[in-house]
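Heads up, the thing below is written out as structure tokens.
Worth knowing before you read on, the calculation uses all heavy atoms, side chains too, and leaves out hydrogens, waters and symmetry mates.
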Amino acid sequence: MKKIGKMVRFLSSSIIVWVCLVYVGQFIFKVLWKFDILNVKSYQIMYEYWEKGGVFNTFRDCSLGFSLIAFPIIWLVLSNKLYKYGLGKFFSRPISKLYRRLTRPKNMEIEHVSIKHLGEKDKSLDEIIKAKMEKDGKNTGRSHEVADLRKQIAAKIEENEKQ
């Protein structure tokens, strides 16, 4: 049931974005290219031009083709954003970003700085292990004896291999 609710919510947000995008897109397409995206005749004219060997080589023709290809991609991205943020945050987000950009100091380049590891030197693996063992209350004397014994054995093996 939860998946059906999510699907209905996404479809409703997609429909809202589609209506708004078609309304705005129709105005932009008519002004820039005199192309009506809701009229089938415009698409038929473009198809006939292509079938007769016409080439889209000018910037205006290529930008029309790119816009027609980008239109569904923009629709899906905006639908996802509307679904994810909701209607209120979707419309208020650009305004809040603009407000933060205008009100933050000009010399501030980064909004968030993590000072978690400032001032600490890099520790070796042995120091980290020793600190953890001391923290846990383990007996460190005996483990050092074992480590020294292992080093002595490794040194003897290397010495025998050299001979």
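- For Phe71, the CZ atom sits in a packed shell: over 12 heavy atoms of surrounding residues, nucleotides or ligands are nearer than 6.0 Å.
- When every heavy atom of Arg60 is checked against every heavy atom of Trp33, the shortest pair comes out as O-NE1, 3.2 Å.
- Here the NZ-CD distance, from Lys156 to Glu159, works out to 7.0 Å after rounding to the nearest 0.5 Å.
- Between Phe10 atom CZ and Ile15 atom CD1 the span is 10.5 Å, to the nearest 0.5 Å.
- Following chains of ILVMFWY side-chain contacts shorter than 4.5 Å, one cannot reach Ile69 starting from Val24, and the two form parts of different hydrophobic clusters.
- By the 4.5 Å heavy-atom criterion applied to side chains, Ile45 and Phe35 are not counted as neighbours.
- Interatomic distance, Leu76 CG to Leu21 CG, rounded to the nearest 0.5 Å: 10.0 Å.
- Between the side chains of Ser42 and Asn39, no donor-acceptor pair of N or O atoms lies under 3.5 Å.
- Taking both residues in full, the closest heavy atoms of Val17 and Ser79 are given as CB-OG, 3.8 Å, listed atom of the first, atom of the second, then distance.
- Trp18 places no side-chain N or O within 3.5 Å of a backbone atom of Trp75 that could act as its donor or acceptor partner.
- In the hydrophobic clustering of ILVMFWY residues, with side-chain heavy atoms under 4.5 Å counting as a link, Phe29 and Leu32 come out together.
- For the atom pair CD1 of Ile28 and OG of Ser67, the computed distance is 9.0 Å after rounding to the nearest 0.5 Å.
- Side chain of Tyr43 to main chain of Ile37: a donor-acceptor pair is present (N/O by atom type, distance under 3.5 Å, no hydrogens or angles).
- In this structure, CG in Leu11 is found 11.5 Å from CD1 in Ile4, a value given to the nearest 0.5 Å.
- Residues Asp61 and Val55 come closest through the heavy atom pair OD2-O, 4.3 Å.
- Note that the CE atom of Met46 and the CG atom of Leu68 stand 5.0 Å from one another [nearest 0.5 Å].
- Counting heavy-atom neighbours within 6.0 Å of Tyr49 OH, excluding the residue itself, gives a total above 12.
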